[in-house]
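The structure presented is a predicted model; accordingly, all values stated were derived computationally and were not measured. Each residue takes its place number in the sequence, starting with 1. All values below were derived from every heavy atom in this structure, side-chain atoms included, with hydrogens, water molecules and symmetry-related copies excluded.
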Amino acid sequence: MARVELRRRLGALLVLGVLTGVVAGLVGGTAGLLRRTATAPARLERASSLADLQVSFAPDSALAGRVLAAVPGVVVSSTLQAMVGRVEGHAADGRGVIYLGALGPAPIAGLTGSSASGLPSTSTLTPTPPGSAPAHAPVVIRGRPVVATAPDEAVLHERTAAALGVRPGDRLTLRMLTRADYLRFDTGIGIPHGPLVTLTVTGLTRMAGPGATQTPLWLSAGATTRVRPVGLSVRMWLRESPPFAAVDQALAAVAASLPPELGADEFPPLLVHRPATEPDTRVAASRQVLVAGLLVFAVVVGLAGLVVAGQAFARHHAATAHDQHVEEVLGLPGVGRVAARVLAAGPAALLAGLLGAAGPAIGGLLEPLGALASLEPHPGYAPSLAASAITGLAATAATLILTAATATRASRHGFDSPSSAANPAGATGATGAASAADPVAAAGAASAAGSVADSGAASARRPRVGAASFDVSVPRTATRRPVRALASRCPVWLWVGVVFALGPAGSLPGTPATSASPSGRGARRPALAGAALAVTGLVAATTIAGGIDQLVANPERYGWRGADLQVVDVHPEVEARLRADPHVAEVRVLAQSTVLAGQDCGTPRTEPRHAAASAPTAASAPTAASAPDATPSSASASTPTPTPATALASASASASAAARAGGTCRELTAYSFDAPATGPAAPKRAAANRIGWTMLAGHEPRRAGEIALGLRTADDLGLGVGDVVIVAARSGEPHRLTVVGTGIGPVLGDDRLGDSVLLPAAGFTDLARTSPWRSALVAVASGVSTRAAAASLGDLELGLRAPPAEVANLAGIGRLPHLLGAALAMLALAAVAHVVLAAGRDRREEFTILRALGFSCVQTAAVAVTMSCALAFLAVLLGIPLGLGVGRLVWWEIATATGIATDPAFPAGTLTILPIAALAASALLALVARRADVRLHTLAPGREE
């Protein structure tokens, strides 16, 4: 029997195998892409060999030795020199002066003289044991790494290279900063006093951790000896369980013993990073969107494909139900009949397995999507053999399982005895008697019996053959009175079409459900559920895409309210120049520092700037610009010489430990707008204060004792408008501030979006942990382009208004949500088409009865269109609210992770077009499916019968 089945139906079986294999390949390829996308950040961290602890400080090699000796649990370490240079001859549009931070290997032997590296002549560094330190270096993706002994080679991060227009092999000229230049950023540098260095860029790199944005340039050891460092950075790899509490105490003790450095009030003496344990949250939102989108796509494609394949297998074996009946009569048991079909499906299962395995292999050509593509450490073709093997086996097993299941169903339900088919349950009286003799007569008798006008009246309305006003009355037992009243006023084709769509086969009033259509409503439910699921995914994807588009298109949603560009390191002369510039409409100066805030910050503290900073902020360590969307700033990864120690060092370490242990005392970036100028000389436009935070609740703080929180800060601290937060003052006394608003401010530097606070100008200096940095937010005049205004200020360090890294990552997703929505729309259309075709096939006999009773071709087509539209409308009706709910939930998660407003975009266009498109497509499908029924003129003798 298997050989006969294979010989007779090989082509159909191979088509089924191709269908199953393609679906499995799509799911497997999507799963492989999802895995590569989701793991890209972690794999880049491993490839970069991120350190557990990184401590940056002034260029003092003796201090490097003290830090290494003080930190417990150090397995290996690496010491690097930090440098800053002003780029010469590579000006990006609107960026003005550009500074780059650089790193390079520090000497580990005795140093002679101060001209080699800028370190004291008596300083020495303890060498790291050879071969014991991880290969901590950027991952080169284009070009080649530097030669260690080369005197003029460097590699550059790819984002910075794109901003500067630099390619491998190009020459990059830098005017290096001295330590004194580095400490004068807040008052202006002018021309740096370091040497002019020309480097050959040998390769482009990718790197995880803060080095990607703070120090995008990596110098060879030979080139490092030509440059005076502005700081040192010691990177340490600790034991498996880093003793961070002990590390905090040790670093606080070192910081407390350091003397002050003149002009270094803006910096803490030790700047501490934990790269391996402090993941970059800027990619969290985009990663969440991409993973969720790919997961939804894989699930929807898998479920819809499974439904379609299952229906196709069911139709295939339903067509062979008579053969199984013959085999049963000949004595072949049910297990044998099913086994014969499974054996015959062997070639189809093999083909499905091959196609399924090809999916992940082809998917290896795809790199991570969106912004995560820039975090892929190994770009290029990366197939997953394990995923190919699993997908191939799954496709083979699915083919055999579907074959067995549908063949078993056809064996049990695909055929019945003639007697049971002729006299189904519920058929009584003359209808049942007539059905045994003549099915057509039985159908006519059933229809006549069902055309009862009311429960108390048995008079049947005889139709006028071919009349458009033909009506079918509804039995009392079928519907309630309001529905009957509505049905009596509707055209008969509308009512019958709705009944055909929602009822089981044989639901024409008075018509028995025969075994000729065994599937009926139950067989349509999976396809209808698949269509509703596809519509759900479509609406959800459109909602998420609308939220991203709304965020990127509206700068106020990421904190840039009213401002067009930023000027870094503003002193009074620069401020006066900005206010006098005719291209500028408004200037608002912003002070920036850090504060300790939270409900656990009640312990009195003294001078904060003597502590070891527990987290990097733009205020404590300004960063070098490395991307077009990064705000350029003015430092490398190191910090200046420490100041005298006090008891605050241990208090700060305790606060950091409490925060990691679940406390709410956190070091936060703090901003404060200068009070508007007053008096006759004050600019008239300054009082408008167009520039400011985007407040989502409450208002900006106006007087001492008030504070506004960023959205992420408010969420982390669990505070809202009207609550009280404790801020540790510089004097050591805790201040209780009232939260008067929550909102979003512009990201100036390397902060996280929404992870900041806004304080009033009064008392800001008393609360700030370090001397504030000052920047200016500028709104250009009406009719003046931002580029023209930036060109007029080209000798200053500028930053054009640009989305922060979190928003840029979301924007980098591109049209993925729309492409996902388009794919889901195609799946929804395919599922609706299957429902319509299956319903039309199940209702074939009832359409024949309607034609026999006098329905015209137009009326039967109207019934088919109504039935199809009702099914499509039901799928849309179920999918739209579910899609809105899923989309809003996913967007809430994305917005919370990003630190922006959680209100979603409403996809009004999609919700308007979707029902219309669904009804139009379903009507067209119904008309195509009913073309053959238009030719049923041969049924005229059936009318008489």
Output the distance between atom [atom1] ([X]) and atom [atom2] ([Y]), rounded to the nearest 0.5 Å.
X    : Y    : atom1 : atom2 : answer
M207 : S49  : CE    : OG    : 9.5 Å
L767 : E733 : CG    : CD    : 10.5 Å
I900 : I744 : CD1   : CD1   : 6.5 Å
H735 : I726 : NE2   : CD1   : 11.5 Å
L204 : R144 : CG    : CZ    : 12.5 Å
L717 : L668 : CG    : CG    : 6.5 Å

For the residue pair [X] and [Y], establish whether any side-chain heavy-atom pair is separated by less than 4.5 Å.
X    : Y    : result
H157 : P138 : no
L294 : L369 : yes
T669 : D755 : no
L177 : Y99  : yes
L748 : W773 : no
L53  : V272 : yes
R43  : E376 : yes

Do any N or O atoms from the side chain of [X] and from the backbone of [Y] form a donor-acceptor pair under 3.5 angstrom?
X    : Y    : result
R226 : P151 : yes
S233 : L80  : no
H273 : P275 : no
E367 : G380 : yes
R206 : L375 : no
S220 : A150 : yes
W237 : L50  : yes
T896 : E893 : no

*Yes or no on side-chain contact (heavy atoms from CB on, under 4.5 Å) for L183 and E261, after CA distance, side-chain angles and deciding distance?*
CA-CA 10 Å; L183 296 180; E261 181 182 13; 3.5 Å; yes
For a quick test of reading the model, state the closest non-hydrogen atom pair linking [X] to [Y] and the distance between them.
X    : Y    : value
A597 : V727 : CB-CG2, 3.9 Å
P145 : V155 : CA-CG1, 4.3 Å
M83  : L103 : CE-C, 3.8 Å
A670 : V595 : CB-CG1, 3.7 Å
L219 : P105 : O-CD, 3.5 Å
L217 : A154 : CD1-CB, 3.9 Å

Which donor-acceptor pairs under 3.5 Å do the side chains of residues 65-72 make with protein atoms, sequence neighbours left out?
{"unit_1": "R66", "atom_1": "NH2", "unit_2": "S257", "atom_2": "OG", "d": "2.6"}

*asked:* The test is side-chain contact (heavy atoms from CB on, under 4.5 Å); show your working for L232 and L63 and say whether it passes.
replied: CA-CA 9 Å; L232 291 180; L63 180 56; over 6 Å; no
*For the residue pair T178 and D181, confirm or rule out a side-chain donor-acceptor distance under 3.5 Å.*
yes
*Walk me through it: do L238 and V74 pass the test side-chain contact (heavy atoms from CB on, under 4.5 Å)?*
CA-CA 4 Å; L238 309 180; V74 177; 3.7 Å; yes
